[in-house]
Amino acid sequence: VACPVPPEQRPLEEFEQLSRSWFFSWPAGECPHLRRALLISWLMLLPVSTLVASGSWTLKNDPPRLVAAGAVAALVLPLLLLMRQWLGWTYVHRRLMQHRICYEESGWYDGQEWEKPLDWREKDLLVAQHQVRPVLSRLLRALGVLAALLLWGASLCQAL
């Protein structure tokens, strides 16, 4: 039986597109690549967030708290980037793990489902377990570190 699912909606193809994507490939590679990208995004927002924080009268007269507040606020961009990556990779992981493929033939409201053949399911399962799960683990660790930094920074801002 020929596959009725359009090629771009097949889970394995969605995985390949995500892996080739500039943005979504950050966690798929080595960890230093993800760390570097997140660090650059944080550094890009740091001057802006510090400038915004300098609008506060109490922070304007307290440079250590001003810098700490700007640094903590700048963590929002890496957090949002990680959340977007998490959503993309979990979507593909879920599609790879399912036994049926939901797809659209021509547009809205004509959703169909197609049962994956056994060989597709096996291949998709292998990709999900050995290629996507490590990416999700890296993202989860990065989210944990970022959340810890946010909490630590917020408590530091209060203590200063």
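We number each residue from 1, following the sequence as shown. In what follows, every heavy atom counts, from backbone to side chain, and hydrogens, waters and symmetry copies are set aside.
Between Leu146 and Leu75, the shortest heavy-atom distance links the atoms CD1-CD2, 3.6 Å. Shortest non-hydrogen contact noted between Ala154 and Val72 is N-CG2, 4.0 Å. Smallest separation of non-hydrogen atoms from Ser25 and His33: O-CD2, 4.4 Å. In terms of heavy atoms, Leu96 sits closest to Leu12 at CD2-N, 4.0 Å. Nearest heavy-atom pair, Ala28 versus Val135, reported as atom, atom and distance to 0.1 Å: CA-CG2, 3.6 Å. Gln85 approaches Trp26 most closely through the heavy-atom pair NE2-CE3, 3.1 Å.
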Less than 3.5 Å apart, which donor and acceptor atoms pair up between the side chains of residues 3-11 and the rest of the protein, not counting sequence neighbours?
unit_1 : atom_1 : unit_2 : atom_2 : d
Gln9   : OE1    : Glu104 : N      : 2.7
Gln9   : NE2    : Glu104 : O      : 2.9
Arg10  : NE     : Val5   : O      : 3.0
Arg10  : NH2    : Val5   : O      : 3.1

Listing, residues 41-50 side-chain donor-acceptor contacts under 3.5 Å, not counting sequence neighbours, or none:
unit_1 : atom_1 : unit_2 : atom_2 : d
Ser41  : OG     : Leu38  : O      : 2.7
Trp42  : NE1    : Ala71  : O      : 2.9
Ser49  : OG     : Leu45  : O      : 3.2
Ser49  : OG     : Leu46  : O      : 3.1
Ser49  : OG     : Gly70  : O      : 2.6
Thr50  : OG1    : Leu46  : O      : 2.8

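Phe23 and Leu82 fall within a single hydrophobic cluster, where Ile, Leu, Val, Met, Phe, Trp and Tyr are joined by side-chain heavy atoms under 4.5 Å apart, directly or via other members.
With sequence neighbours left out, the salt bridge (charged side-chain N to carboxylate O under 4.0 Å, His left out) criterion links Arg100 to Glu113, Glu115.
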Legend entry - CA sep, side-chain torsions, deciding dist, call: Ser19, Gln131, side-chain contact (heavy atoms from CB on, under 4.5 Å): CA-CA 10 Å; Ser19 297; Gln131 292 185 306; over 6 Å; no
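No cation-pi contact links Lys116 to Trp120, judged by a cut-off of 6.0 Å to the six-membered ring centre and 45° from its axis.
Salt-bridge annotation for Arg94 and Glu14: absent, with no side-chain N of the basic residue lying under 4.0 Å from a carboxylate O of the acidic one.
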